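Predicted, not measured: the structure shown is a model, and the values here were computed from it. We name chains A, B, ... by the order of the sequence lines, and we start the count at 1 in each one.
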There are 2 protein chains.
Amino acid sequence: MATILDVAKRAGLSKTTVSRVINNQDYVSEENRALVLQAMKELDYHPNPAARRLRGQLTMTIGVVVPAVTDPFFASLTAAVEQTAYEKGYRTMICQSSGDKEKERLFLNLLKTKQADGMIIAALENDWKDIQPFTKHGPIVLCNEDIPEPSVPVIKFDQLSGTYAGIKHLIQQGHQRIGYCTGALFAEKGRDKDRNQGYQKAMAEAGLSINPAWIFVDRHTTEDGKQLLTHVMSMEDRPTAVFTGSDDIAAGMITQANEQGVRVPEDLAIMGFGNQPIAQWITPALTTIQQPADGMGQKATQVILELLHNNQAEMEPYELPSDIIVRKST
Amino acid sequence: MATILDVAKRAGLSKTTVSRVINNQDYVSEENRALVLQAMKELDYHPNPAARRLRGQLTMTIGVVVPAVTDPFFASLTAAVEQTAYEKGYRTMICQSSGDKEKERLFLNLLKTKQADGMIIAALENDWKDIQPFTKHGPIVLCNEDIPEPSVPVIKFDQLSGTYAGIKHLIQQGHQRIGYCTGALFAEKGRDKDRNQGYQKAMAEAGLSINPAWIFVDRHTTEDGKQLLTHVMSMEDRPTAVFTGSDDIAAGMITQANEQGVRVPEDLAIMGFGNQPIAQWITPALTTIQQPADGMGQKATQVILELLHNNQAEMEPYELPSDIIVRKST
DNA sequence: TTGTAAGCGTTATCAT
DNA sequence: ATGATAACGCTTACAA
């Protein structure tokens with residue numbers, strides 16, 4: 001590889017002048033600039049990033065931490081990050097934490113060791129107090145998390161109004177007996193709390209009461225969904241609609257409903273959350289809440305670049321709107 | 001950040017000795033080694049990768065080029081690459097070429113500029129002759145591609161026997177009138193050729209003749225699938241089963257079949273390719289050929305690390321087996 | 001407007 | 001077994 005010195009020699013100038021041209025600085029005569037550009041082209045010269053980095057430059061690399069790229073939501077988010085970063089000249093490193101706290105922390109060392117300029121954490125594994133210290137080595141942006149004090153920007157989408165819109169939709173369909181299924185406990189903090197509040201708000205506004213027996217907690221998987229469907233249909237006094245915390249659960253419920261001959265939505269309306277690919281392929285197709293993964297990835301990247309270049313950003317959470325996608329299951 | 005010099009001072013030794021410890025070299029007394037290790041820990045010292053890189057070290061980073069991480073096949077492949085690389089201490093950069101030749105080439109510059117030690121190209125956008133020159137800057141491994149001379153390792157999966165097994169399965173189900181749908185032309189080179197041969201081989205072995213009217217080329221999307229279903233069902237003399245080149249097409253066909261009241265598999269059996277998530281969610285669930293995305297990602301990473309460390313690898317294509325997944329559509 | 005030289009944090013060479 | 005020193009390729013005072 002040609003070095004800056006090669007270029008300088010060929011152009012009959014000094015390294016300094018070449019460096020000035022590379023970095024678009026002033027005080028280079030037009031003719032010399034042209035000479036340098038010419039030499040660079042002829043030698044197919046590319047500045048060595050390691051050397052620039054060593055001199056304290058930016059790495060032009062950002063990192064993104066996701067639980068797994070195979071999850072469609074995180075795949076979209078990652079895709080958007082890569083795309084947005086690329087357009088600004090940045091490269092993207094990925095880390096799949098796979099629920100591994102140590103891997104997450106190890107990956108954040110990229111910041112410490114100046115291999116990445118900033119980090120986007122799409123899902124936090126560690127407690128924030130264990131991650132916080134990394135912020136002194138470079139900017140971190142969080143997605144969909146609530147942290148004690150807003151010391152870093154957080155990109156969220158509006159779970160409350162998403163859920164609110166979902167429940168309201170069910171009510172408009174004529175449902176009054178609406179169950180609610182969540183991955184967390186009902187009183188939980190954070191993301192799930194917002195959703196729960198959306199549920200409560202919509203029910204309260206419509207003057208509907210919440211039946212505690214129709215609140216199902218700690219359900220996560222397709223399998224959980226299958227069991228839940230069976231459970232619900234076996235209840236004496238049962239809801240006519242269930243709002244679930246994920247498309248996976250909802251898909252499990254629908255699968256089991258088809259199995260048992262339960263008609264969706266006639267016997268039981270089912271709503272998902274996330275608008276994953278399953279949602280459009282399952283029969284009946286699933287009404288669900290769209291999570292703006294693309295938007296979050298874009299926004300997170302924009303914010304981190306802003307932070308990198310101007311060293312400031314809004315610390316109030318960025319709230320992205322979420323839409324309801326009405327299909328056949330409600 | 002602490003530097004090697006800080007560690008050296010604290011340990012009361014020279015940079016050189018510290019470097020020796022870092023790199024696990026001989027000729028360091030046990031007590032000094034302990035001293036250095038101690039100092040490193042106390043200072044939370046991490047070698048600066050930029051500096052090491054400048055000295056000609058490996059970057060411990062590999063790149064992976066995919067069309068889009070949102071495609072489930074490439075997401076799995078990427079996930080496997082990241083996972084495998086991580087276990088060996090490597091980080092992974094992603095590039096979504098999005099069908100953009102220039103982006104692909106720009107990304108390969110990472111090799112030139114020593115930002116990545118090696119590259120895995122999961123789907124090639126450019127002609128190989130435009131990529132070939134990059135190989136002199138570092139190892140490249142290709143997935144699912146055929147190139148003129150085998151100058152770099154290629155990881156493929158056995159498309160021929162995958163297709164062969166698929167057709168054979170249809171024959172075992174009693175089908176004799178088997179159509180075949182492909183994205184390319186029937187005589188095409190490469191990947192599709194292998195598949196076509198699998199089709200021909202299975203048909204020939206069963207003594208079945210191929211009806212040219214049942215060969216459908218240049219079909220790619222779900223939409224194409226819908227149209228194809230309509231077309232097939234309108235034929236006077238039509239196949240009883242169609243093997244398609246992708247789950248997308250097959251899913252489109254099934255969707256349209258459900259729409260038109262065509263029964264799958266009774267009126268028409270349909271087979272996909274790829275085992276994408278759609279395949280298990282559509283009704284009836286799709287019989288398809290499993291593409292070993294995980295296996296390819298793993299293998300590609302292993303080969304590239306092998307190449308990096310021992311500078312040699314098999315140039316014969318690595319062929320991964322592919323399985324047939326039998327579901328309800330056949 | 002241009003050039004000289006120091007320094008970023010490592011590792012390799014050569015002495016000791 | 002240990003250490004002094006040069007070199008990797010670049011940017012940035014500082015000088016001219």
Quiz item: Starting at CG of B/Leu54 and ending at P of D/dA7, how long is that distance when rounded to a whole Å?
Solution: 14 Å

Quiz item: Are any of the side-chain nitrogens in A/Lys101 or A/Glu104 under 4.0 Å away from the carboxylate oxygens of its partner?
Solution: no

Quiz item: Going by heavy atoms in the side chains, are A/Asp146 and A/Val154 under 4.5 Å from each other?
Solution: no

Quiz prompt | Identified side chain to side chain donor-acceptor pair (under 3.5 Å) partner of B/Arg105 from the options B/Asp100, B/Asp130, B/Asn126 | solution = B/Asn126

Quiz item: Do B/Pro49 and B/Thr59 come close enough that some side-chain heavy atom pair is under 4.5 Å?
Solution: no

Self-check item: Selection: residues 32-48 of chain A, any non-hydrogen atom under 4.0 Å of DNA chain C
Solution: A/Asn32

Exercise. Kindly say whether, by distance alone, the side chain of A/Arg55 makes a donor-acceptor pair under 3.5 Å with the base of C/dG7?
Key: yes

Exercise. Kindly check if the number of other-residue, nucleotide or ligand heavy atoms within 6.0 Å of CD (B/Glu87) is above 12?
Key: yes

Quiz prompt | Strand contacts (DNA chain D) in residues 4-29 of chain B, 4.0 angstrom heavy-atom criterion | solution = B/Leu13, B/Ser14, B/Lys15, B/Thr16, B/Thr17, B/Arg20, B/Tyr27, B/Val28, B/Ser29

Quiz item: With sequence neighbours excluded, what pairs up with B/Glu42 under the salt bridge (Lys or Arg N to Asp or Glu O under 4.0 Å) test?
Solution: B/Arg10

Quiz prompt | pair A/Gln38-A/Leu35: side-chain heavy atoms closer than 4.5 Å | solution = no

Quiz item: Where the side chain of A/Ala51 is concerned, which of C/dG9, D/dG9, C/dT11 is the nearest nucleotide?
Solution: D/dG9

Self-check item: Qualifying residues under salt bridge (Lys or Arg N to Asp or Glu O under 4.0 Å), relative to B/Asp127, sequence neighbours excluded
Solution: B/Lys129

Quiz item: Could you state the CZ-P distance from B/Arg52 to D/dC8, rounded to the nearest angstrom?
Solution: 19 Å

Quiz item: Mind checking what makes salt bridge (Lys or Arg N to Asp or Glu O under 4.0 Å) contact with B/Arg20, not counting sequence neighbours?
Solution: none

Quiz item: End-to-end bend of the helix from C/dT1-D/dA16 to C/dT16-D/dA1 (five-pair axes, 10° rounding)?
Solution: 40°

Self-check item: Greater than 12 external heavy atoms within 6.0 Å of A/Lys9's NZ
Solution: no

